[in-house]
Chemist: 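Sharing a structure with you now.
By convention in this document, chain letters (A, B, ...) are assigned in the order of the sequence lines, proteins followed by strands, and residues within each chain are numbered from 1.
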2 protein chains.
Amino acid sequence: MATKTTKDRLLDEAELLCQTRGFNAFSFKALAEALEIKTASVHYHFPTKADLGLALVQRYRERFESQVARVSSGRSSRDRIASYVDIFARLARSHRLCLCGSLAGDFATLSDEVQGEVRDYFAASEAWLEGVLEAGRTAGEVSFQGEARATSRVLIGMLEGTMLSARASGSPNRLRDTKRWILDFLAVPTP
Amino acid sequence: MATKTTKDRLLDEAELLCQTRGFNAFSFKALAEALEIKTASVHYHFPTKADLGLALVQRYRERFESQVARVSSGRSSRDRIASYVDIFARLARSHRLCLCGSLAGDFATLSDEVQGEVRDYFAASEAWLEGVLEAGRTAGEVSFQGEARATSRVLIGMLEGTMLSARASGSPNRLRDTKRWILDFLAVPTP
DNA sequence: GGTTGCCTGCCTATGTATAGGTAGGTATGG
DNA sequence: CCATACCTACCTATACATAGGCAGGCAACC
């Protein structure tokens, strides 16, 4: 495989900084210094910061979707959900937020296009989890009350939110507890 | 009552901007313009932005604690929790995040003192809710499995997180659904 | 096979606006 | 007199961005 292009390295660094510090807390200068190039060269690859943000969220969503697709193949609904939560747990352990969760915090300062991508990220995630929950309930693999959509939404909120509080509490491993709680919550009662 | 001091008006404006845009997305200039004074006058009240951040989070926590104290008086655990969730629902409806949730997103960029306050906010909230859950379970007013501390943490994460996704989805009223879900979740099964 | 010409990726240099902060002065009122 | 609360004026650093140049690759063409 070819070594990474500068563009990809810029996106890697921007993603790290956005997830650890926030979109408004890193600059083209910070990116340039990390790659040991000049800020003008960063502008060559991404004319404006809005362009960078858009590329960032699009790449993130693509990778996220492909992770979710891998999670979706084959196994039980319960396993899918466990693996899905693991995606977030891994992020938290490396002291990162979900990129779109981080961007949601800065939502009002984002370009319309980036706002749209973040909105779509949540809609897509909620729809995916809703599907898994509904299918799992039909198959008797998971149990919960009420509409799958409502549970899907609160569980995704829970993941985004516990990443926040885990960070503030200096407990990057706390998502393990969230995972256990969710799996217990969804457990089918043994009669 | 006396008309508000400039200091309080500055804190009001900073709180609004922090909750709607993020701590790193507003400036002394923005505060000064909102109050129609000069930036140097803002520095008179808050020498540095870290000082402002500290005053902001301390005042927020005080008010939050007093709201929680009001919620805590008298009624059932279930009612307390419902009223507690309403605090967040009101914020979301006015297009604001929880201040400490917002600050948690920018956590790495905050001064040590502000980080400490944010950490303490989460610890205090989790402890309070844990107590209400535990007492409620003992009194037979609410029902849930496992440790109260674990449920307390995930529910607070859920509140913080659904505020984020509600904003990104353009659905500031969605916290109503979160409230309903939580109350259903805690409902004591009727035999 | 040299030369022409374009493309990529980086550079220097520069510009405008903002961010956070400081020094020192002034008006007002107990 | 002195504290409060505001001001003018200024500073340095940064943020984002643009213009224009240059080196190397590579492909076409005679």
Chemist: Report the relative orientation of the aromatic rings in A:Phe88 and A:Phe64; use parallel for angles under 30°, tilted for 30 to 60°, perpendicular for over 60°.
Modeler: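 Ring orientation, 0 to 90° scale: perpendicular.
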Chemist: Taking side-chain contact (heavy atoms from CB on, under 4.5 Å) as the criterion, tell me which of B:Glu147, B:Arg149, B:Arg153 meets it with B:Glu130.
Modeler: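 The option that passes is B:Arg149.
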Chemist: Atom CG of A:Asp51 and atom C1' of D:dT18: how far apart are they, to the nearest Å?
Modeler: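 Value for this atom pair: 14 Å.
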Chemist: Measure from CD1 on A:Ile37 to C1' on C:dT12 and round the result to the nearest Å.
Modeler: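 To the nearest whole Å, that distance equals 15 Å.
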Chemist: Go along nucleotides 15-24 of chain C 5' to 3' and tag each nucleotide: B for a protein heavy atom under 4.0 Å from its base, S when only backbone or sugar atoms are that close, - otherwise.
Modeler: ---SSSBB--
Chemist: Should A:Glu160 and B:Arg167 count as an ion pair when the cut-off is N to O under 4.0 Å?
Modeler: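 Here A:Glu160 does not pair with B:Arg167 in a salt bridge, since their nearest N and O are not under 4.0 Å apart.
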Chemist: Verify the contact: side-chain N or O of B:Tyr44 to OP1 or OP2 of D:dC6, cut-off strictly under 4.0 Å; return yes or no.
Modeler: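 False: B:Tyr44 side-chain N/O out of range (4.0 Å or more) of D:dC6 OP1/OP2.
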Chemist: Do the numbers put B:Lys7 on top of the ring of B:Phe46, so that NZ or CZ is under 6.0 Å from the six-membered ring centre and no more than 45° off the axis?
Modeler: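 Output yes; distance and angle both within limits.
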Chemist: Would you kindly give the NZ-to-P distance between A:Lys38 and D:dC16, to the nearest whole Å?
Modeler: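 My rounded result for the distance is 17 Å.
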Chemist: Do side-chain atoms of B:Glu141 reach the backbone of B:Ser76 as a donor and acceptor pair under 3.5 angstrom?
Modeler: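 Not at all, since once roles are kept as given, no pair shorter than 3.5 Å links the two residues.
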Chemist: Side-chain N or O of A:Ser41 versus OP1/OP2 of C:dC11: is the shortest distance under 4.0 Å?
Modeler: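 For C:dC11, OP1 or OP2 has a side-chain N or O of A:Ser41 closer than 4.0 Å.
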Chemist: Specify the separation, in whole Å, of atom CD of A:Glu36 and atom C1' of C:dC11.
Modeler: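 Those two atoms, CD and C1', are 15 Å apart.
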Chemist: Do nucleotides 25-30 of chain C as a string where each nucleotide becomes B, S or -: B if the base has a protein heavy atom under 4.0 Å, S if just the sugar-phosphate does, - if no protein is that close.
Modeler: ------
Chemist: Which residue is it: B:Leu35, B:Asp8, B:Val42? I am looking for the one with a side-chain contact (heavy atoms from CB on, under 4.5 Å) to B:Glu13.
Modeler: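 The single option meeting the side-chain contact (heavy atoms from CB on, under 4.5 Å) with B:Glu13 is B:Leu35.
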Chemist: From CG of A:Leu35 over to C1' of C:dC11, roughly how many Å is that when rounded to an integer?
Modeler: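 Going from A:Leu35 (CG) to C:dC11 (C1'), I get 15 Å.
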Chemist: Under a 3.5 Å cutoff, is there a donor and acceptor pairing between the side chains of A:Ser83 and A:Asp86?
Modeler: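 Checked: A:Ser83/A:Asp86 side chains show no N/O donor-acceptor pair below 3.5 Å.
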Chemist: I'd like to know if A:Glu62 and A:Arg59 make a salt bridge, using a cut-off of under 4.0 Å between side-chain N and carboxylate O.
Modeler: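 So A:Glu62 does not pair with A:Arg59 through a salt bridge.
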